[in-house]
Amino acid sequence: DKARRMSHMVIGPWGHGASRKFGALDFGPTADVDASHLQLRWYDYWLKGIDNGLASEPPVKLFVMGRNEWVYEREYPIARAQDRPFYFASGGKANTERGDGRLTWTKPAAASASDRYRYDPADPVPSVGGNNCCGTPTAAGPQDQRPVEGRQDVLVYTSDVLQEELEVTGPVKVVLYASSDAVDTDFVAKLVDVYPDGSSYNMAEGIVRARYRDSLSRPSPMQPGTPYRFEIDLVGTSVAFLKGHRIRVQIASSHFPQFDRNPNTGDPFGTSDRIRVAEQTIYHDAERPSHILLPVIPPRTR
């Protein structure tokens, strides 16, 4: 109980080393934290008994990207966060950032066109930034997503221009209704911040392998053409989408080489060199309302 009550966490916009710049974004001087000082202060309190004020501080300190400031919280996930579904919508042509994919707070109330794309393991969507360890073999962190958003095998759903800031802090997931003509495949989701100049930066990401949609210990194949409900865990983030920005979600079936390519065959991995192209369908109608679930924080008092 004491460990639970007295644990602290610090969540910053970094990779392994704390610095103001990560990936293609500069988060400002407040992000440049002396990690050794944090650790020594913790050890001074617990190992040397020095009363340095640590016990009276809120246990959670996290960095809100976009606004580029530190905030203190009593818990994580934040209890006052409001989980709001942002629904996918389109006229059936959400492919690329020039398509008609949209994000809307309104749940679909009727039949709607589905979106389709071909996933070819011989030509996977290349990794552009993301949650990799050390920037190898591809660059880590937030990177401009426009190089992949022009591909036909990437669906892009974008909100209207924000008229006021929207803070998203906490666990993020995508609920995706999808089918494939393959018995196994992957689905990738990214949460993206679109700047007024059109540049777009990944803020969170996740992937699901279809055979493990219900259980990691009991994989099961898909029935080709049958829609399934998938939950894609994007882990979490803390970002203020600023006024004038847009929120975007990408859906694809590959993110290579950060994640291995799914050959779409259902063969046991490592036992075959066969691959096949998969025809993917994403649904966003009244019965199958694909969406991203965002933990929205009410405006903070400053």
Side-chain angles (χ1 to χ4, degrees), residues 23 94-97 99 101 114-157 173-174 176-192 200 202 204-235 248-282 290:
N95 312 72
T96 82
E97 86 286 355
S114 303
D115 290 306
R116 294 175 172 81
Y117 64 94
R118 302 174 75 249
Y119 159 48
D120 183 355
D123 182 25
V125 177
S127 298
V128 177
N131 293 328
N132 67 58
C133 166
C134 308
T136 55
T138 58
Q143 301 286 345
D144 194 342
Q145 295 296 297
R146 285 178 289 185
V148 298
E149 289 174 348
R151 292 177 59 112
Q152 288 293 323
D153 54 356
V154 178
L155 302 182
V156 178
Y157 302 95
K173 73 175 179 180
V174 164
L176 189 72
Y177 293 87
S179 66
S180 176
D181 69 349
V183 296
D184 188 40
T185 194
D186 290 348
F187 293 104
V188 177
K190 292 182 185 179
L191 174 63
V192 177
S200 59
N202 47 305
E205 66 184 16
I207 186 170
V208 63
R209 181 145 287 178
R211 69 173 70 180
Y212 299 117
R213 64 192 177 278
D214 297 321
S215 170
L216 292 176
S217 59
R218 296 185 299 277
S220 59
M222 303 172 70
Q223 293 296 321
T226 299
Y228 293 89
R229 182 183 187 275
F230 298 93
E231 288 196 4
I232 306 177
D233 182 5
L234 276 63
V235 186
R248 175 172 288 169
V249 174
Q250 295 177 16
I251 299 295
S253 286
S254 48
H255 184 339
F256 181 79
Q258 182 160 322
F259 298 98
D260 64 312
R261 302 167 299 161
N262 194 318
N264 300 326
T265 61
D267 295 338
F269 293 112
T271 65
S272 171
D273 62 358
R274 290 195 311 130
I275 62 172
R276 57 154 294 183
V277 174
E279 300 287 345
Q280 320 287 53
T281 303
I282 306 301
S290 294

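None of these values were measured; they are calculated from a predicted model.
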Please tabulate, for side-chain N and O atoms in residues 217-227, each donor-acceptor pair with protein atoms closer than 3.5 Å (sequence neighbours left out).
| unit_1 | atom_1 | unit_2 | atom_2 | d |
| --- | --- | --- | --- | --- |
| S217 | OG | S215 | OG | 3.1 |
| S220 | OG | R213 | NH2 | 3.3 |
| T226 | OG1 | Q223 | O | 3.4 |

What's the shortest heavy-atom distance between A189 and V174, and which atoms? CB-CG2, 3.8 Å

Would D181 and R116 pass as an ion pair if we require N to O under 4.0 Å? no

With a 3.5 Å distance limit and no angle check, can you tell me whether T265 reaches the backbone of D267 through a side-chain donor-acceptor pair? yes

Looking at CG of L191 and NZ of K173, how far apart are the two atoms once the value is rounded to the nearest 0.5 Å? 15.0 Å

Could you tell me which non-hydrogen atom of A182 sits nearest to which non-hydrogen atom of R276, and how far apart they are? CA-NH1, 3.9 Å

Checking the side chain of N202 only, and the main-chain atoms of Q143 only, is there a donor and an acceptor separated by less than 3.5 Å? yes

On a heavy-atom basis, which atom in D153 and which in R118 lie closest, and how many Å separate them? CB-O, 3.3 Å

Hey, can you tell me if F259 and H255 have their rings parallel, tilted or perpendicular (30° and 60° cut-offs)? perpendicular

Identify the two heavy atoms, one from V188 and one from S253, that lie closest to each other, and give their separation to 0.1 Å. CG2-C, 4.1 Å

Does the side chain of Y157 pick up a donor-acceptor pair with the side chain of D115 at under 3.5 Å? yes

Between the main-chain N or O of V128 and the side-chain N or O of T138, is there a donor-acceptor pair closer than 3.5 Å? no

Under 3.5 Å side-chain donor-acceptor pair for T185 and N264: yes

Shortest non-hydrogen pair, N132 vs A139, comes out as ND2-O, 3.7 Å

Lys/Arg N to Asp/Glu carboxylate O, E149 vs R248, below 4.0 Å: yes

Under 3.5 Å, is there a donor-acceptor pair between the side chain of N95 and the main chain of Q152? yes

What closest approach, in Å, do R146 and S200 show between heavy atoms, and which atom pair accounts for it? N-OG, 3.9 Å

Do the side chain of E205 and the main chain of N131 share a donor and acceptor less than 3.5 angstrom apart? yes

Can you find a pair of side-chain heavy atoms, one from Y119 and one from D186, that are under 4.5 Å apart? no

Atom pair OG/CD of S114 and Q280 - distance to nearest 0.5 Å: 13.0 Å

Looking only at atom types and distance, does a side-chain atom of S290 sit under 3.5 Å from a main-chain N or O of Y177, one as donor and one as acceptor? yes

Reported CG-to-CD1 distance for the pair D233 and I207, which is rounded to 0.5 angstrom: 12.5 Å

Side-chain heavy atoms of Y117 within contact of R151, under 4.5 Å: no

Please confirm whether the backbone N or O of F256 pairs with a side-chain atom of S127, one donor and one acceptor, at under 3.5 Å? yes

Check this for me: does any side-chain nitrogen of one of R209 and D260 sit under 4.0 Å from a carboxylate oxygen of the other? yes

Can you measure from CD1 (I232) to CG (L176) and round to the nearest 0.5 angstrom? 5.0 Å

